[in-house]
Structure formats: structure tokens, C-alpha cells
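Data first, discussion second: the structure below is written as C-alpha cells.
Chain naming here is simple, since letters A, B, ... match the order of the sequence lines and numbering starts at 1 in each.
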Protein chains: 2
Amino acid sequence: MRERKIVKNPSRAVAPRPGALNLGRLGEFVGFRLRRVQNQLSKDFASATADRGLRAGLFSSLSLIAANPGLSQNELSREIGLDKSVTVAIVDELERSGWAVRERSETDRRRHALHATAAGEAYLEELFGILEQTENAVLHQLSPAELLLLSELLDRMYAAALHEDS
Amino acid sequence: MRERKIVKNPSRAVAPRPGALNLGRLGEFVGFRLRRVQNQLSKDFASATADRGLRAGLFSSLSLIAANPGLSQNELSREIGLDKSVTVAIVDELERSGWAVRERSETDRRRHALHATAAGEAYLEELFGILEQTENAVLHQLSPAELLLLSELLDRMYAAALHEDS
DNA sequence: TATTGTTATACTCTATAACTATA
DNA sequence: TATAGTTATAGAGTATAACAATA
């Protein structure tokens with residue numbers, strides 16, 4: 001068998017599950033916990049939507065287009081944090097599937113004004129339903145007050161992170 | 001310019017920054033906020049360590065090996081959530097760089113008992129220092145109590161997510 | 001000159017499958 | 001038979017650079 005050093009872990013908030021590894025200093029970092037939860041969550045969503053061949057970024061892109069009609073590809077790229085060349089591929093697929101359309105902007109002919117179609121909106125409803133299910137499987141452990149607080153903390157962190165870049 | 005629909009966003013906890021897009025229903029989901037923050041955090045860390053050519057998973061792997069001397073590659077794979085074939089490449093690089101070594105387990109000759117070297121431990125200290133800096137840039141917005149609570153909530157979510165899989 | 005969108009391309013990340021050596 | 005590790009390989013995911021059209 002394998003021997004293990006005892007490592008102090010000051011920020012551990014719940015008991016480790018039996019058989020779990022010692023996290024060492026890694027356990028002191030919020031970023032590690034964040035990644036761990038997020039990985040798990042996105043794997044759950046991926047396997048719940050595996051039959052649709054949903055490529056990365058497509059869901060959130062469609063959602064942002066629906067919420068912001070007339071959005072440009074550049075604005076979309078910035079919001080999802082991906083290169084504009086990736087956005088081209090995403091919008092290509094959205095158009096091919098009939099979920100969104102590119103229209104030339106009338107005020108600036110370089111820009112594409114993106115719009116979700118009725119089919120796209122319907123598809124979104126479906127995906128949101130699945131996302132809600134997979135999230136609830138994890139979030140039902142938290143009270144509504146805790147959920148609200150969690151969102152608030154994450155928003156404050158995100159705002160601080162964006163500020164760092166500028 | 002672009003016109004925008006007004007979309008209700010019940011779980012928004014802080015005011016959107018000016019010029020920010022409407023998140024629509026996406027803003028109702030914790031997973032989205034989680035991903036957003038985590039992406040930003042990992043980009044910050046990546047650019048702070050860009051000069052070292054740090055491949056994905058290497059840092060956390062080395063950290064886990066250091067905290068659990070004698071760890072097998074299989075156990076490591078499970079903990080970092082990657083396939084064992086990926087772990088081979090990671091351990092190859094750790095060994096090539098002199099940060100860890102493979103030793104044959106004496107009780108089960110199929111297993112490799114992984115150990116961090118002194119150089120590996122020193123390298124870890126360096127990386128933890130950088131991680132601490134990049135995290136602090138974002139986390140100094142939160143009080144110690146809030147940080148503790150955040151960790152606890154994330155741990156509960158992770159535990160629930162793991163339970164889902166089984 | 002600068003910006004929007006596009007294409008080509010290359011590099012990284014990751015999983016699958018087939019193999020070996022041990023158990 | 002089953003498990004630990006390895007290799008080869010293929011498919012995503014992503015960024016960079018060069019380009020055309022428009023501002």
C-alpha cells in the first residue's frame with residue numbers, strides 16, 4: 001500500500017470523502033475548488049446533451065444572441081471569451097442548423113447583426129431545461145439564500161477579475 | 001446601433017458593468033457564473049506562468065504527488081479527472097524536468113509509486129506563490145468569512161456532483 | 001489606418017482502443 | 001480474467017496570422 005504524509009489543510013470546510021486523496025496546499029485555493037466543481041458540472045451537462053453533438057460555446061452563444069438581438073460577432077467573441085475566428089465557426093453552425101441568422105448591419109456594413117430564429121428560441125428552451133435539471137442535481141444541497149449568496153460572490157469575483165485585465 | 005430586448009434576470013446580484021451584454025436566462029444559472037470566473041482565473045494564472053510552458057494538469061498533478069507520496073498513476077488520474085493516458089504524458093514531463101520520479105511499487109509490480117523530488121517541491125513553492133498572487137487579485141474583494149463560506153459551498157456542490165455519478 | 005469578419009493552419013487537450021506486464 | 005501502465009491516434013478546442021471589405 002501507499003503511505004501518506006499528513007498535511008495541514010486550513011481551509012477545508014467539509015470532511016473529505018473516505019478514500020479521497022490528500023489535497024495538500026492545493027486545498028487552500030479557491031480556484032482549485034472552483035475548477036473541480038465546474039468540471040464536474042460541465043461533464044454532467046455534456047453527457048446529458050451528448051446525443052445532440054452540442055459543440056462548446058454554441059449554447060451560450062445562442063443564448064446571448066437571443067438576449068441581445070442584433071449582436072455583432074465581435075461583441076459575442078468578447079463576451080464568451082473566445083477568439084473571433086472561433087465565433088465564425090459557431091455562427092456558421094448556428095446558421096446551418098437554422099437557429100440563428102446573420103444580417104448585414106445597415107449602419108455599418110462590416111458588421112453582422114445576429115438574430116435568433118423561432119427554432120433557435122425553441123431549442124434554447126429545451127437546453128435550458130436540461131441545464132436546469134443537471135444543475136439542480138447538484139444545487140439542491142444549497143438553500144435559496146446560499147445560492148443567492150454564491151451568485152453574488154461569483155459576480156464580485158468576476159468583476160474584480162475583469163478589472164485586473166484593464 | 002444595436003437594439004436590445006429587456007429580459008428579466010431575477011438572480012442578478014450586482015449591477016452589470018456599463019456596456020455589458022444582457023445575459024438573458026443564462027444569468028440565472030450558477031454554472032455559467034462559475035465557468036466565467038474560473039475561465040478568467042485560469043487565464044490570469046496562465047499568463048502569469050506563460051514563460052514556463054506549464055502544460056495543463058502538470059501543476060495540480062505535481063501538487064497531488066507531493067501531498068501523497070507513493071501515489072499511483074491511476075489514483076492520480078482519478079483525482080484530476082483525466083484519462084490515464086494523459087497522466088502518462090504528464091508524469092513523463094515531470095520526470096524529464098526532474099520534478100518527480102517513478103519508482104516500482106514493491107508490493108504490486110504493475111504500479112508506479114510517484115514521488116516528488118526536492119527540485120519538484122521547490123518548483124511547487126514557486127507556483128503556489130504565483131497562484132496565491134493571481135488569486136488574491138480577485139479574492140481580496142471578499143472577506144475571510146465570505147471566502148470560507150465560498151469554499152464550503154463549493155465543497156458541498158462537489159460532493160453532490162460526485163454522488164450523482166455513482 | 002483601424003475594425004469586422006473570414007480562412008488556413010498549427011498546437012494543445014483529451015479520450016479511445018489495442019497492447020504489455022503483472023496480478 | 002482483471003488491473004496498471006503505455007502507445008498510437010483521432011477529434012475537439014483554441015489561437016495566430018494573413019487577408020478582404022468597409023469604416
Side-chain angles (χ1 to χ4, degrees), chain A residues 1-2 19 35 38-40 42-43 45-47 49-61 65 68 70-96 100-115, chain B residues 1-2 19 35 38-40 42-43 45-47 49-50 52-61 65 68 70-96 100-115 165:
Chain A
M1 273 298 100
R2 166 169 60 80
R35 182 159 58 87
Q38 203 264 313
N39 275 352
Q40 201 57 47
S42 71
K43 275 184 185 172
F45 182 71
S47 68
T49 57
D51 46 329
R52 298 157 208 270
L54 200 58
R55 72 165 283 165
L58 194 140
F59 175 28
S60 51
S61 294
I65 293 169
N68 303 274
L71 194 68
S72 78
Q73 293 185 194
N74 229 337
E75 291 168 310
L76 180 57
S77 303
R78 231 175 298 128
E79 188 67 24
I80 59 179
L82 296 176
D83 190 84
K84 57 193 171 129
S85 62
V86 178
T87 307
V88 171
I90 293 174
V91 177
D92 279 352
E93 190 169 333
L94 286 174
E95 235 180 1
R96 201 179 327 119
V101 291
R102 285 184 243 236
E103 290 170 11
R104 274 284 163 206
S105 162
E106 307 201 342
T107 56
D108 182 343
R109 296 182 43 71
R110 290 171 305 181
R111 295 160 61 98
H112 280 155
L114 303 174
H115 293 272
Chain B
M1 278 297 100
R2 167 168 60 79
R35 182 159 58 86
Q38 203 264 313
N39 274 352
Q40 201 58 48
S42 70
K43 275 184 186 174
F45 182 71
S47 67
T49 57
R52 298 157 206 270
L54 199 58
R55 72 165 283 166
L58 193 140
F59 175 28
S60 52
S61 293
I65 293 169
N68 303 275
L71 193 68
S72 77
Q73 293 185 194
N74 229 338
E75 291 168 310
L76 180 56
S77 305
R78 231 175 299 126
E79 188 67 23
I80 59 179
L82 297 176
D83 190 83
K84 58 194 171 125
S85 62
V86 178
T87 306
V88 172
I90 292 174
V91 177
D92 279 352
E93 189 169 334
L94 287 175
E95 234 178 4
R96 201 178 327 120
V101 291
R102 285 184 245 238
E103 290 170 11
R104 274 284 162 205
S105 162
E106 308 202 342
T107 55
D108 181 343
R109 296 183 41 72
R110 290 172 305 182
R111 296 161 59 100
H112 281 154
L114 304 174
H115 294 273
D165 281 357

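Heavy-atom neighbours of B:R109 CZ from other residues, nucleotides or ligands within 6.0 Å: at or below the threshold of 12.
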Which protein N or O atoms sit under 3.5 Å from an N or O of nucleotides 16-22 of chain C?
from   : atom 1 : to    : atom 2 : distance (Å)
C:dT16 : O4     : B:S85 : OG     : 2.9

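Between the side chains of A:S85 and A:D83, at least one donor-acceptor pair of N or O atoms lies under 3.5 Å.
Judged by distance alone, the side chain of B:R104 and the main-chain N or O of B:R110 form a donor-acceptor pair under 3.5 Å. No side-chain donor-acceptor contact under 3.5 Å links B:T49 to the backbone of B:R52.
Bounding nucleotides for the chain A contact on DNA chain D, 5' to 3', at a heavy-atom distance below 4.0 Å, are D:dG13 to D:dA23.
Comparing A:L54 and A:E106 against DNA chain D, the residue whose closest nucleotide sits nearer the 5' end is A:L54. Nearest-nucleotide mapping onto DNA chain C: of A:V91 and A:K43, the residue sitting toward the 5' end is A:V91.
The side-chain hydrogen bond (donor to acceptor under 3.5 Å, both in side chains) with A:Q73 is formed by just one residue from the set A:R102, A:R78, A:R111; it is A:R102. Under the side chain to side chain contact (heavy atoms under 4.5 Å, CB included) rule, B:S60 has a single partner from B:I80, B:L82, B:I90, B:I65, which is B:I80.
Side-chain contact between A:E103 and A:H112 is absent, with no heavy-atom pair separated by less than 4.5 Å. The side-chain heavy atoms of B:T87 and B:S61, taken from C-beta on, include no pair separated by under 4.5 Å.
For the atom pair CD of B:E79 and CG of B:N68, the computed distance is 8.0 Å after rounding to the nearest 0.5 Å.
Axis angle, first five pairs versus last five pairs of the helix from C:dT1-D:dA23 to C:dA23-D:dT1: 0°, rounded to 10°.
Here the closest heavy-atom approach between residue B:A89 and residue B:R55 is recorded as CB-NH1, 3.7 Å.
For A:L82 and C:dG5, the CG to C1' distance is 16 Å, given to the nearest whole Å. Atoms CG (A:D92) and C1' (C:dA8) sit 14 Å apart, rounded to a whole Å.
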